[in-house]
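Quick notes on the structure that follows.
Atoms within a ligand are numbered from 1 in the order they appear, just like the ligands themselves. Given the structure is predicted, the values throughout are model-derived calculations rather than measurements.
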Amino acid sequence: MEELNVFAMAQRQFDESARILELDNSIRGVLRVPKREIVVNIPVRMDDGTLRIFLGFRVQYNDAKGPTKGGIRFHPLETIDTVRALAAWMTWKCAVVDIPLGGAKGGIICDPKVLSQGELERLSRGYVQAVWPLIGPEKDIPAPDVYTNPQIMAWMMDEYSRLSGMNQFGVITGKPLQVGGTKGRIDATARGGMFALREAAEVLGLELEKATVAVQGFGNAGYYAAHLCRDMFGSRIVAVSDSGGGAYNKEGLLPEALYEYKAKSATVSGFPECRQISNEELLELDVDVLIPAALENVINEENSCRINARIVAELANGPTTPEADSVLHERGVHVIPDFLCNAGGVTVSYFEMVQNFSMYYWEEEEINLQLDKKMTAAYHSVYNASREMGIHMRHAAYVVSVKRVIEAMKLRGWI
Ligand code: GLU
């Protein structure tokens, strides 16, 4: 299969919504490309004394609704196009939950699994040194994403604070609790997805307490999704997978036991009393709910006709290609599109910023309650648009978000 350029895919999705909204060409032109792209070379002293250069990116897509916001990924296969696509999706994500932020994304080409803690710290600080004039609590606020974590956020916040000569907790979110982090951030992406799933199940008449669930990906999003699906609804998790392969048991799996197993064996594959399955097999299982929670492009032209789930809740960014979207729609699969389903992470990041600005920290119940309100409202605005306009859920999500961004741009006199 042809290598997929995810930015081309994000642009195709946007073009489709522009067609539905009958946008004129000048507005389309502004919204289908990023506002600003930063490319940096970061010199890092390695443990063996050599100096290595790492290539890093920050793409600030659109800031009409507020300062730009979005995670930083550390990945060996990172490209500027992936970062562009993810920055565009952040713009639509913040708009769909209606928080006062624009969209951005960052990335560094590196393999964090082979870097020592010292090297990781120097790389993280080096990235901030390279981009610091262009980020800030009122400009652009990074956060964790694939292979970055709260410790990395703490180093980055510290470096930015050092350069500014004062504590600047609000420059980054997803920080540890002791240095301006918020309660509820660690499982926020998955929890937000569960609130959206609950609403989808309700409109479709699916009983989640009897539902079977398969989760692809067992990182921060995937693990908490499996855990919360069982904990909140009593659903049966029949399969999970990660980059090392998958485990299937039709009687159900305990996510917490899988987590412990993965901590020792580095993968869930080989978990006792399970059939070992591949990632491809997991996607095609006959389950009620499928949760792709890993990387892009896993549901595509080739396998979309074999997806058997009733609901696909996309916790990953970009797991489904536009061709697959049409096939799933025709086959009656209800997709909760990525930038709606996984908006819980950035929503709680926004709550973290609010707490940093006000210097007053909320209880976890309050966070989860406010998150529920945001996700429930966002789900229904998309679902209603999809019903009213007779379009599938991804197009509907775009329509809702693009309209909100355009309204802000018009009010500011940009277009
Ligand atoms: N990286 C997460 C996402 O893709 C969270 C971004 C944030 O909290 O700013 O939504």
Quiz item: For ligand 1, which part of M353 has a heavy atom less than 4.0 Å away: the side chain, the backbone, both, or neither?
Solution: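 Near ligand 1, M353 shows nothing, with every heavy atom at 4.0 Å or more.
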
Quiz item: CE/M156 to CD/Q151 distance, rounded to the nearest 0.5 angstrom?
Solution: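 One finds 11.5 Å between CE of M156 and CD of Q151.
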
Quiz item: Can you tell me how far CD of Q13 sits from CG of D325, rounded to the nearest 0.5 angstrom?
Solution: 6.5 Å

Within the 3.5 Å criterion, strictly below it, is a donor on [X] or [Y] matched to an acceptor on the partner's side chain?
| X | Y | value |
| --- | --- | --- |
| E159 | S124 | no |
| Y224 | D231 | no |
| Q355 | T182 | yes |

Quiz item: Considering only heavy atoms, which of T189, N317, D145, T347 lies nearest to atom 1 (N) of ligand 1?
Solution: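 Shortest heavy-atom distance from atom 1 (N) of ligand 1: D145.
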
Quiz item: Who gets closest to atom 5 (C) of ligand 1 by heavy atom: R185, K93, R73?
Solution: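 Looking at heavy atoms only, the winner is R185.
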
Practice problem: If you have a sec, work out which protein heavy atom is nearest atom 7 (C) of ligand 1 and how many Å separate them, to one decimal? | Solution: A143 CB, 3.3 Å

Exercise. Can you pull out the closest protein heavy atom to atom 8 (O) of ligand 1? Residue, atom name and distance to 0.1 Å, please.
Key: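 The answer is S349 OG, 2.5 Å.
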
Exercise. State whether the shortest distance between N or O atoms of P144 and N or O atoms of ligand 1 falls below 3.5 angstrom.
Key: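 Among all N and O atoms of P144, at least one is under 3.5 Å from an N or O of ligand 1.
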
Quiz item: So is G70 close enough to ligand 1, meaning a heavy atom under 4.0 angstrom away?
Solution: yes

Quiz item: Hey, which atoms in ligand 1 end up nearer than 4.0 Å to a heavy atom of K69?
Solution: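 That gives atoms 7 (C), 8 (O), 9 (O) of ligand 1.
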
Self-check item: For K105, the ligand 1 atoms whose distance to one of its heavy atoms is below 4.0 Å
Solution: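 Every atom of ligand 1 under 4.0 Å from some heavy atom of K105: 1 (N), 3 (C), 4 (O).
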
Quiz item: Taking the six-membered ring for Trp, are Y127 and F54 ring centroids under 6.0 Å apart?
Solution: no

Self-check item: Flag side-chain contact, heavy atom, 4.5 Å: L369 against W362
Solution: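 No, every pair of side-chain atoms sits at 4.5 Å or beyond.
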
